[in-house]
Number of protein chains: 2
Amino acid sequence: MTGVSTRRAATRDRLVEAAIAVFAEKGVLGASVEEICEAAGFTRGAFYSNFEHKDALCEAVLDALLADNLLAMNEALAAADALADADLGALIPSVIQVFLDSQRGGRTWALAAQELRLYAAREPALAAAYRAFHHRATTMFGTIMVEALHAHGYELTTDTADAISVLHAVHEYGTIGALIGSDAIDGDVKLRMLVKVLHAFIRPLT
Amino acid sequence: MTGVSTRRAATRDRLVEAAIAVFAEKGVLGASVEEICEAAGFTRGAFYSNFEHKDALCEAVLDALLADNLLAMNEALAAADALADADLGALIPSVIQVFLDSQRGGRTWALAAQELRLYAAREPALAAAYRAFHHRATTMFGTIMVEALHAHGYELTTDTADAISVLHAVHEYGTIGALIGSDAIDGDVKLRMLVKVLHAFIRPLT
DNA sequence: TGTATCGCATACACTCCTGTATCGAATACG
DNA sequence: CGTATTCGATACAGGAGTGTATGCGATACA
């Protein structure tokens, strides 16, 4: 019985990964079920056997993205610990860079994440799932960041969730900007913006 | 002869407005040409007579969005002048609120703008057009903002373009967040975030 | 080793979209 | 007024995607 379910889980995973790739390329509504299946090496039979709607697939994708973000955050934290004796000014860019580098899939996953954000804004059925995703990601990131700052004798000057949201906003915006190749935004600019925002939102512990 | 071209321009405008609505609802790739034409009250004959590709339509949409943003900015500036004797702490939220309220189309245009951003990130043909759009919007916003701050005895603590980009990022992120109804982001939170970011990036003139 | 069940592929009937080529009404213009 | 031209509608041929119903090989289990 376990072998059976294992196989099923594997095809689900392959479909989810393929969906991320196709969503990134075509958008959620622009991605046909057929295209996703083909990218995963299946036919639509596999899809309809595993998911009821495309929306169900989207929820699974959100789970995968969340797991990836948390993983990248852990890598960044490990880097922070390794550099624990550096001063904060040098530490922050390094940690952010590690986080950015650790995000699996890079460009593709970032695009897919934003496609899902937009899709959730129009599709009430996914909005709930996205809220859950956002809430979990935000609180976990927030907790970790507050602790890390505290360990270095700093605190946020503003509400934790707000700070995380602003960082997330700049992160996503910068990713797209770098892809577009805007003369105003490339990869370095994105890092610089994140560092500035973070510096603007922290102060030494009172 | 003028009457003819006038008519043509009018149908182009209607197609552009319809495209914004459909892009907001379905995404750029998810929007069929047929759907856009139907929303505008035409058939595809009108479309293919006015635009070569969907990409050409997208460029026209960018122009419309830019014009709208500049218009909203002017309204916000007028409000700033009217409140010129208020202190900056009270002025900033008011001006931002006026800007947000003045944006034509509200939800719809904001969604369409982000759809186009994502589309441009994947479609080199549109990337150039988006760069031009972004550059013009950023420089005009930047100039205006620097002057307005200066008039009140303030300046930016960072590169103008970076500051505008961060504000734009938070603006777009907050718009979607409010639509999704995330427990962490509603309309007020968005305004609050923008105010915080702006405050974090200005200081009295040295 | 036989058989029940599971998991994905295949087949089918249907809808929707695309791009072009042609047509007809409205407008400009002499 | 009549004619030329412009602009958008219609017609057409073809491609692609959808969801369901059914088939078939592989795996589990007695």
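We name chains A, B, ... by the order of the sequence lines, and we start the count at 1 in each one.
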Taking atom NZ of A/K196 as the centre, report whether more than 12 heavy atoms of other residues, nucleotides or ligands fall under 6.0 Å from it. yes
C/dT18 P sits how many Å from B/H53 NE2, rounded? 15 Å
Whole angstrom value for the distance that separates C1' of C/dG7 from CG of A/D13: 16 Å
Tabulate protein N/O versus nucleotide N/O from nucleotides 3-5 of chain D, keeping only pairs under 3.5 Å, one per line.
none

Should B/R8 be listed as having a side-chain N or O under 4.0 Å from OP1 or OP2 of D/dC7? yes
Specify the separation, in whole Å, of atom CD1 of B/I36 and atom P of C/dC16. 17 Å
B/W109 and side-chain contact (heavy atoms from CB on, under 4.5 Å): which single residue from B/L65, B/V61, B/N69 fits? B/L65
From A/K190 atom NZ to A/T175 atom OG1, the distance as rounded to the nearest 0.5 Å: 3.0 Å
Interatomic distance where CG belongs to A/L29 and C1' belongs to C/dC17 [whole Å]: 15 Å
Could you check if a side-chain atom of B/K26 sits within less than 4.5 angstrom of a side-chain atom of B/F23, using non-hydrogen atoms only? no
Partner of A/Y173 by side-chain hydrogen bond (donor to acceptor under 3.5 Å, both in side chains), out of B/Q114, B/E172, B/H168: B/H168
Could you give the distance from OH (A/Y154) to CD1 (A/I92), rounded to the nearest 0.5 Å? 8.0 Å
Polar-atom pairs under 3.5 Å, protein N or O versus N or O of nucleotides 16-20 of chain D: list them with distances, or write none.
from   : atom 1 : to    : atom 2 : distance (Å)
D/dT18 : OP1    : A/V33 : N      : 3.0
D/dT18 : OP2    : A/V33 : N      : 3.3
D/dT18 : OP2    : A/E34 : N      : 3.2
D/dG19 : OP2    : A/Y48 : OH     : 2.0
D/dG19 : N7     : A/R44 : NH1    : 2.5
D/dG19 : O6     : A/R44 : NH1    : 3.2
D/dG19 : O6     : A/R44 : NH2    : 2.8

Do A/E123 and A/K54 have side-chain heavy atoms sitting under 4.5 Å apart? no
pair_partner(C/dT1), Watson-Crick or wobble, both distances < 3.5 Å, evaluates to D/dA30
Atom CZ of A/R14 and atom P of C/dG7: how far apart are they, to the nearest Å? 15 Å
Taking atom P of D/dG8 as reference, at what distance in whole Å does atom CZ of B/F42 sit? 6 Å
Using atom CZ of A/R12 as one end and atom C1' of C/dC8 as the other, report the distance to the nearest whole Å. 15 Å
In a table with atom names and distances, give each donor-acceptor pair under 3.5 Å that connects a side chain of residues 44-51 of chain A to protein atoms at least two apart or in another chain.
from  : atom 1 : to    : atom 2 : distance (Å)
A/S49 : OG     : A/R8  : NH1    : 3.4
A/S49 : OG     : A/R8  : NH2    : 3.3
A/N50 : ND2    : A/T11 : OG1    : 3.4
A/N50 : ND2    : A/A46 : O      : 2.9

OP1 or OP2 of D/dG8 less than 4.0 angstrom from a side-chain nitrogen or oxygen of B/T11, does that happen here? yes
Kindly indicate whether the side chain of A/M145, heavy atoms from C-beta on, has any atom under 4.5 Å from the side chain of A/L167. yes
Presence of A/N50 side-chain N/O under 4.0 Å of C/dG7 phosphate oxygens OP1/OP2: no
